[in-house]
Undergrad: 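Sharing a structure with you now.
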Amino acid sequence: MPEYIPQPFDWVRDQVALYEGSGGTQGTTLLDTGIPVIIFTCKGNKTGAVRKVPLMRVKVGDGYVLVGSNGGAENDPVWVHNLRANPDVELRDETEVTKMRVREVHDDPERAQLWEAGVAIFPTYNEYKAKTPRTKIPVFIAEPI
Ligand code: F42
């Protein structure tokens, strides 16, 4: 079994530990915003390690939108590379853990629809879009296998 390597950021690592450690009953929102969060588990494309990534919970039908905003940073989050290499993930939404396959969505109208679904949950995505020099913030959809 590959080893789990936690994220280097304390607040993220601690959220994953509380969320998963409580079986999805605690630590399920973004800090004190009350906005719900999911965690996906993927495989590191370089280390092969187990990686766990909390993201805002953007549910569309029985799928979830994964937005690579990375706080508006100039570079994509590296989990994007993991998903492009290994699209099979486990997605935890509170107490539910589901095996899902991820696909990147490049083209409108689907991409625009998924982006709007994200902004409806977390308007700050539009601030990140304005802040980042990246031309496109990667958008994926995770769908049950
Ligand atoms: N990030 C978002 O981009 N969007 C969100 O909606 C979002 C919401 C959110 C809610 C709660 C919370 O606690 C965090 C949230 N985040 C959100 C932050 C998110 O969890 C990530 O911290 C952020 O997206 C950055 O992702 P990242 O994959 O770039 O993480 C870095 C910090 C990281 O973990 N780096 C590791 C390291 O050691 O530096 C390497 C991780 C990794 O996957 N390595 C791969 C491997 O093989 O193991 C290689 C990757 C490569 O370089 O190809």
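Note that ligands are numbered from 1 as they come in the structure, with each ligand's atoms numbered from 1 the same way. Note that the structure is a prediction, hence the values are computed from the model and not measured.
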Undergrad: If you measure from CD on Gln26 to CG on Leu18, what distance do you get to the nearest 0.5 Å?
TA: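 CG of Leu18 is found 5.0 Å from CD of Gln26.
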Undergrad: In terms of hydrophobic clustering (I, L, V, M, F, W, Y; side-chain heavy atoms under 4.5 Å; direct or indirect links), are Val53 and Ile121 co-clustered?
TA: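 Val53 does not cluster with Ile121.
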Undergrad: Report the distance from atom CD of Glu104 to atom CG of Leu66, rounding to the nearest 0.5 Å.
TA: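 Separation between the atoms: 10.5 Å.
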Undergrad: Trp115 vs Tyr125 aromatic rings, parallel, tilted or perpendicular, using cut-offs 30° and 60°?
TA: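 It falls in the tilted class, 30° to 60°.
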Undergrad: Is it the case that more than 12 heavy atoms not belonging to Lys99 sit under 6.0 Å from its NZ atom?
TA: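 No, not enclosed.
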Undergrad: Residues around ligand 1, heavy atom under 4.0 Å from any ligand atom, sorted by chain and number. Can you pull those?
TA: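 Under the 4.0 Å cut-off, ligand 1 touches Gln7, Pro8, Phe9, Trp11, Val12, Gln15, Leu30, Val37, Gly44, Asn45, Lys46, Thr47, Arg51, Val53, Pro54, Leu55, Met56, Val67, Gly68, Ser69, Asn70, Pro77, Val78, Trp79, His81, Asn82, Tyr125.
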Undergrad: Find the distance between CG (Asp88) and NZ (Lys43) and round it off to the nearest 0.5 Å.
TA: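 Reported value, rounded in 0.5 Å steps: 10.5 Å.
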